[in-house]
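As the structure is a computational prediction, the values presented were derived from the model and not from experiment. Starting from 1, each residue takes its place in the sequence as its number.
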Amino acid sequence: MSLLVVPFFEAVTHTYSYVVVEPGSGTCAVIDPVLDYDPMTRRAGTASADAIVAFVKSNGLIVEWLLETHVHADHLSAARYLKSRFLCAQIGIGAGVRDVHRLVDPELTPPT
């Protein structure tokens, strides 16, 4: 069985997030979800994450994992935001990613 990989592009930070669906199971994982971050104003938005929410809901999927593979100064994780939308999802994130988030903005640091 092949996995379905659906990309979501965030134009301001030029980053991709992915929803990986296991067909037939109704479950998925979200990989590298991003907030819409404007470094000039230091404000973050949720439009890109909301597009993922809409996709998941419109396809009747259950998010099991929110996975963070890396972090950069030009984008911030939307894992915590998506966790508030998909309560049964677990966050998989490396300690180094959490350290960077804590330095940039403690309010955006995903929970342990």
| query | More than 12 non-hydrogen atoms from neighbouring residues, nucleotides or ligands closer than 6.0 Å to OH on Tyr16, yes or no? | reply | no
| request: Quick one: pull up CG in Leu35 and OG in Ser48 and give me the separation to the nearest 0.5 Å. | output: 8.5 Å
| note | Output for pair (Asn59 CG, Cys28 SG), nearest 0.5 Å, gives 9.0 Å
| Side chains of Asp32 and Ser17: do they bring a donor and an acceptor to under 3.5 Å? | no
| query | Can you name the nearest heavy-atom pair linking Ser84 to Leu87, along with the distance? | reply | O-CD2, 3.7 Å
| message | Applying side-chain contact (heavy atoms from CB on, under 4.5 Å), can you list everything that pairs with Val12, at least two apart in sequence or on another chain? | response | Glu10
| request: Kindly give the heavy-atom pair with the smallest separation between Leu82 and Pro33, and that separation in Å. | output: CD1-CB, 3.4 Å
| request: Please check if Ile62 and Phe8 belong to a single hydrophobic cluster, counting links between Ile, Leu, Val, Met, Phe, Trp and Tyr side chain heavy atoms closer than 4.5 Å. | output: no
| field | Nearest heavy-atom neighbours spanning Ala29 and Leu67 | value | CB-CD1, 4.4 Å
| query | What's the shortest heavy-atom distance between Thr27 and Glu64, and which atoms? | reply | CG2-OE2, 3.3 Å
| field | Sidechain-backbone polar pair: Lys83 side chain, Ala89 backbone, donor-acceptor under 3.5 Å | value | yes
| field | Min side-chain heavy-atom separation Ile31-Val20 under 4.5 Å | value | yes
| query | Atom CD1 of Ile93 and atom CZ of Arg80: how far apart are they, to the nearest 0.5 Å? | reply | 10.5 Å
| query | Does any non-hydrogen side-chain atom of Val34 lie less than 4.5 Å from one of Leu76? | reply | no
Review item, side-chain donor-acceptor pairs of residues 49-57, under 3.5 Å, at least two apart:
unit_1 : atom_1 : unit_2 : atom_2 : d
Asp50  : OD1    : Tyr81  : OH     : 2.4
Asp50  : OD2    : Thr46  : OG1    : 3.0

| said: What's the separation between atom OH in Tyr18 and atom CZ in Phe9, rounded to the nearest 0.5 Å? | reply: 10.0 Å
| message | I'd like to know if the side chain of Asp36 and the backbone of Ala44 have a donor-acceptor N/O pair within less than 3.5 Å. | response | no
